[in-house]
Trainee: 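Encoded as structure tokens, here's the structure I'll be asking about.
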Number of protein chains: 2
Amino acid sequence: MTDNDARKSKSRRTREAIFIAARRRFAAHGYDGASVRDIAADAGIDPALVIRYFGSKDALFAEASDFKLDLPPLDSKMRGRAGEYMVQNFLDIWEGPDAGGAFTVLLRSAASNEAAAAKLREVFATQVIPSVAALAGTEGAQQRAGLITSHMLGLAMSRYILKLPPVVSMPPEMIVTHVGRAIQIYLDTPSDRL
Amino acid sequence: MTDNDARKSKSRRTREAIFIAARRRFAAHGYDGASVRDIAADAGIDPALVIRYFGSKDALFAEASDFKLDLPPLDSKMRGRAGEYMVQNFLDIWEGPDAGGAFTVLLRSAASNEAAAAKLREVFATQVIPSVAALAGTEGAQQRAGLITSHMLGLAMSRYILKLPPVVSMPPEMIVTHVGRAIQIYLDTPSDRL
DNA sequence: GTCTATAATTCGATAGAC
DNA sequence: GTCTATCGAATTATAGAC
């Protein structure tokens, strides 16, 4: 390993440290509540380096909140249990191995930051609606997706952001069962009854 | 009307102007996004007066976000349609004559402001849970209220905060019908199946 | 590649004249 | 009762030494 490689490697690790600290700070306190100084302190480096590596706080936020929902392909043969499946997948995003991730960053900030809200709308339009359309047909897919998202986002708000005690202590299986059933109804409602 | 009365009256009107401007600013931009200077500019007065009348920005926020859900009494004789009734009532809070009110202030700020989140939890505990308990019995009332709130808050987030296009353009009757049915199921589920 | 020092704003809050 | 002037702290971002 040459000196050049060593430097490059250290540079990459510094950038990574900043990125991880930023995602955690943004997730915990939102865009406004997380300062560049705080992020730098968490990462153990100087605040100036944050700007040097990412250009601006906005650019860092954009990168920290960029993510794919990664909805697994839901074909029509699993129709009957798609609701439960979607809720389980949603819980995995929040509570799985890489929790505290970009989704928390986005939702927490979106309420008072227009850029974050716009990105959330984009995720909805490009990832949620097509996924619902693939499952229940294109007709009424926007309304179905809207109703489903209304429930899912509220679940995330209640459980992870506001931390309403009864929702926090609810076991995952209970959430999957009940919310899954509600989602299933939204998927099964005939288009002409929407 | 004496000089004293006139002064008092003007004082009251100034305070009112500050309060209205504050509620609108907080509702539109959240706690952090609304500065005392902005609020004063909207009210057409000097920033120092905001502090003079309310003591601090925190105190002003507390007053602007204080509200009662004012859930109408739901007795058990309207059981079958309670879900739709609750959703209609919820829509009225947001879209009725005094929209842009304290609820918007609270929800928008709660995502990144712990004080606002705490107040929202208090509203949930002291107003939502008892109302659900009166309707469906005390057994499992917390879980029922949690599931119902998960849907309602998500609806508010989608329609009023994030403004997801399909949810924004959804006619109220459609929301009442579909979300009302989901709420109804949460109310009707037997306690031993929760 | 990293840090010190600081510029340029913006914030909430205060003191005191009128 | 209202405003002018300003303080002290915090913010993002930059310039330049090492």
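Residue numbering restarts at 1 for every chain, and letters A, B, ... go by the order of the sequence lines.
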Trainee: Rounded at 0.5 Å granularity, tell me how far CE in B/Met157 sits from CG in A/Leu120.
Mentor: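 Rounded to the nearest 0.5 Å, the CE-CG separation comes out at 7.5 Å.
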Trainee: For the residue pair A/Arg23 / A/Ser65, report whether a side-chain donor-acceptor contact shorter than 3.5 Å exists.
Mentor: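 The answer is no; no qualifying pair exists.
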Trainee: Could you state the CD1-P distance from B/Ile51 to C/dA13, rounded to the nearest angstrom?
Mentor: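 So the two atoms are 4 Å apart, to the nearest Å.
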Trainee: With no hydrogens and no angle check, do the side chains of A/Thr14 and A/Arg52 hold a donor and an acceptor under 3.5 Å apart?
Mentor: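 Note: A/Thr14 and A/Arg52 side chains miss the donor-acceptor criterion.
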Trainee: Counting only side-chain N and O atoms of A/Tyr53, is one of them less than 4.0 Å from OP1 or OP2 of C/dT2?
Mentor: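 Answer yes for this pair, as a side-chain N or O of A/Tyr53 is under 4.0 Å from OP1 or OP2.
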Trainee: Check salt bridge (charged side-chain N to carboxylate O under 4.0 Å, His left out) between A/Glu63 and all other residues, then give those that pass, not counting sequence neighbours.
Mentor: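 A/Glu63: salt bridge (charged side-chain N to carboxylate O under 4.0 Å, His left out) contacts with A/Arg15.
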Trainee: Under 4.5 Å between side-chain heavy atoms, counting indirect links through other Ile/Leu/Val/Met/Phe/Trp/Tyr residues: same cluster for B/Leu194 and A/Val176 or not?
Mentor: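 Shared cluster, yes.
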Trainee: Under the ring pair (Phe, Tyr, Trp, His ring centres under 6.0 Å) rule, what pairs show up with a residue in residues 125-164 of chain A, not counting sequence neighbours?
Mentor: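 Qualifying pairs: A/Trp94-A/Tyr160, A/His151-B/His151, A/His151-B/Tyr186.
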Trainee: Does the distance from a Lys or Arg side-chain N to an Asp or Glu carboxylate O, for B/Glu16 and B/Lys10, drop under 4.0 Å?
Mentor: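 B/Lys10 and B/Glu16: not salt-bridged.
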Trainee: Is the terminal nitrogen or CZ of B/Lys57 (NZ for Lys, CZ for Arg) located under 6.0 angstrom from the six-membered ring centre of B/Tyr31 and within 45° of that ring's axis?
Mentor: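 Judged by the rule, B/Lys57 and B/Tyr31 form a cation-pi pair.
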Trainee: Once you round it to whole Å, what is the distance between P of C/dC11 and CZ of B/Arg25?
Mentor: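 Between P of C/dC11 and CZ of B/Arg25: 10 Å.
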Trainee: Please state how far atom CD1 in B/Ile18 lies from atom P in D/dG1, giving the value in whole angstrom units.
Mentor: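 For the pair B/Ile18 CD1 and D/dG1 P, the rounded distance is 12 Å.
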Trainee: Report yes or no: does B/Lys119 contribute a side-chain atom to a donor-acceptor pair with the main-chain N or O of B/Ala62 at less than 3.5 Å?
Mentor: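 Yes.
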Trainee: In Å, rounded to the nearest 0.5 Å, how long is the span from CZ of A/Arg25 to CG of A/Leu60?
Mentor: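 A/Arg25 atom CZ to A/Leu60 atom CG measures 13.0 Å (nearest 0.5 Å).
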Trainee: Could you check how far CZ of B/Arg13 sits from C1' of D/dG1, rounded to whole Å?
Mentor: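 Result: 13 Å.
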Trainee: By a strict heavy-atom criterion of less than 4.0 Å, which residues belonging to residues 29-39 of chain B are in contact with DNA chain C?
Mentor: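 DNA chain C contact set from residues 29-39 of chain B: B/Ala34, B/Ser35, B/Val36, B/Arg37.
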Trainee: Hey, what are the protein-to-nucleotides 3-5 of chain C N/O distances that come in under 3.5 Å?
Mentor:
unit_1 : atom_1 : unit_2  : atom_2 : d
C/dC3  : OP2    : A/Asp46 : N      : 3.2

Trainee: Looking at residues 54-64 of chain B, who's got a heavy atom less than 4.0 Å off DNA chain C?
Mentor: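 When residues 54-64 of chain B is checked for heavy atoms under 4.0 Å from DNA chain C, the hits, listed by number, are B/Ser56, B/Lys57.
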Trainee: According to the side-chain hydrogen bond (donor to acceptor under 3.5 Å, both in side chains) rule, which pairs have a member within residues 120-134 of chain A, sequence neighbours left out?
Mentor: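 Every side-chain hydrogen bond (donor to acceptor under 3.5 Å, both in side chains) pair that includes a residue of residues 120-134 of chain A, provided the two are not neighbours, is A/Glu114-A/Arg121.
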